Amino acid sequence: MTEHGVLLRFTGRDRLYACRGGVFLPIDRVLGARTLERRDAVLASPRVHLPGISVPRVLRAGAYGVGERRQLWMVHAATTLLAIYLRGEPFHRVVVEVDDPAGLSKIINDALPPRGLPPGRR
């Protein structure tokens with residue numbers, strides 16, 4: 001987490017699996033973050049990976065879906081995941097495996113500006 005947004009870095013083989021080294025999510029695009037059980041996250045995800053890889057219960061990585069439903073995934077075998085919801089393109093949701101999804105979700109949500117306030121009043 002930076003003052004300007006959320007920086008996700010993928011290392012090692014994850015760079016290959018996700019087809020990218022990471023992604024920067026500007027804070028003004030982040031709607032919120034929450035934890036999701038893997039099963040629920042997969043059910044709410046598009047099935048088509050472009051480009052990506054999916055091995056059930058082992059690895060789900062890369063971009064899934066097209067247009068406004070497009071999602072970025074980098075998940076190995078974890079059962080509880082961090083989902084970050086976004087406005088705009090290229091992704092509407094990023095789903096990742098992290099050590100403490102609940103803690104990181106709270107950090108991201110606490111960093112978001114209050115809703116409904118004019119820009120100069122935040």
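A quick note: this is a predicted structure, and the numbers were derived from the prediction, not measured.
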Determine the minimum heavy-atom distance between [X] and [Y], stating which atoms define it.
X	Y	result
Arg29	Phe91	NH2-O, 3.2 Å
Thr35	Ser105	N-OG, 4.4 Å
Gly32	Asn109	CA-OD1, 3.4 Å
Tyr64	Pro46	CD2-O, 3.6 Å
Leu72	Ala18	CD1-O, 4.4 Å
Met1	Val6	SD-CG2, 3.7 Å

field: side-chain contact (heavy atoms from CB on, under 4.5 Å) assessment of Leu8 paired with Leu25
entry: CA-CA 8 Å; Leu8 300 172; Leu25 310 172; 4.2 Å; yes
task: Report yes if some heavy atom in the side chain of Leu86 is under 4.5 Å from a heavy atom in the side chain of Leu31; otherwise report no.
output: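 Not touching, per the 4.5 Å side-chain cut-off.
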- prompt: Side chains of Leu50 and Val66: closer than 4.5 Å at any heavy-atom pair?
  reply: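 Sidechains of Val66 and Leu50: in contact.
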- request: Say whether, by atom type as modelled, one donor and one acceptor occur between the side chain of Arg15 and the main chain of Arg9 under 3.5 angstrom.
  value: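 Side chain of Arg15 to backbone of Arg9, a donor-acceptor pair under 3.5 Å: no, none is there.
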Joint cluster assignment, [X] & [Y], ILVMFWY side-chain distance < 4.5 Å:
X	Y	answer
Leu59	Phe10	yes
Val94	Ile27	yes
Val42	Val95	yes
Val96	Ile108	yes
Met74	Ile84	yes

Say you draw a straight line from [atom1] of [X] to [atom2] of [Y]; how long is it, rounded to the nearest 0.5 Å?
X	Y	atom1	atom2	answer
His76	Leu81	NE2	CG	11.5 Å
Leu16	Ile53	CG	CD1	8.0 Å
Phe24	His4	CZ	NE2	7.5 Å
Thr80	Glu37	OG1	CD	4.0 Å
Asp28	Leu112	CG	CG	10.5 Å

Reference residue Trp73; test side-chain contact (heavy atoms from CB on, under 4.5 Å); the match among Glu97, His49, Arg93: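 The option that passes is Arg93.
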- request: For atom CG of Asp99, decide whether the heavy atoms of other residues, nucleotides or ligands shown that lie under 6.0 angstrom number more than 12.
  value: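 Counting other residues, nucleotides and ligands, CG of Asp99 stays at 12 neighbours or fewer.
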- request: Return yes when atom CZ of Arg87 has more than 12 non-hydrogen atoms of other residues, nucleotides or ligands closer than 6.0 Å, and no otherwise.
  value: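 Yes, CZ of Arg87 has more than 12 neighbouring heavy atoms, counting only those of other groups under 6.0 Å.
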message: Go through it in stages, so that I can follow the logic: the residues are His92 and Gln71, the test is side-chain contact (heavy atoms from CB on, under 4.5 Å), and I'd like the CA-CA distance, side-chain angles, deciding distance and then a yes or no.
response: CA-CA 6 Å; His92 107 91; Gln71 300 179 16; 3.6 Å; yes
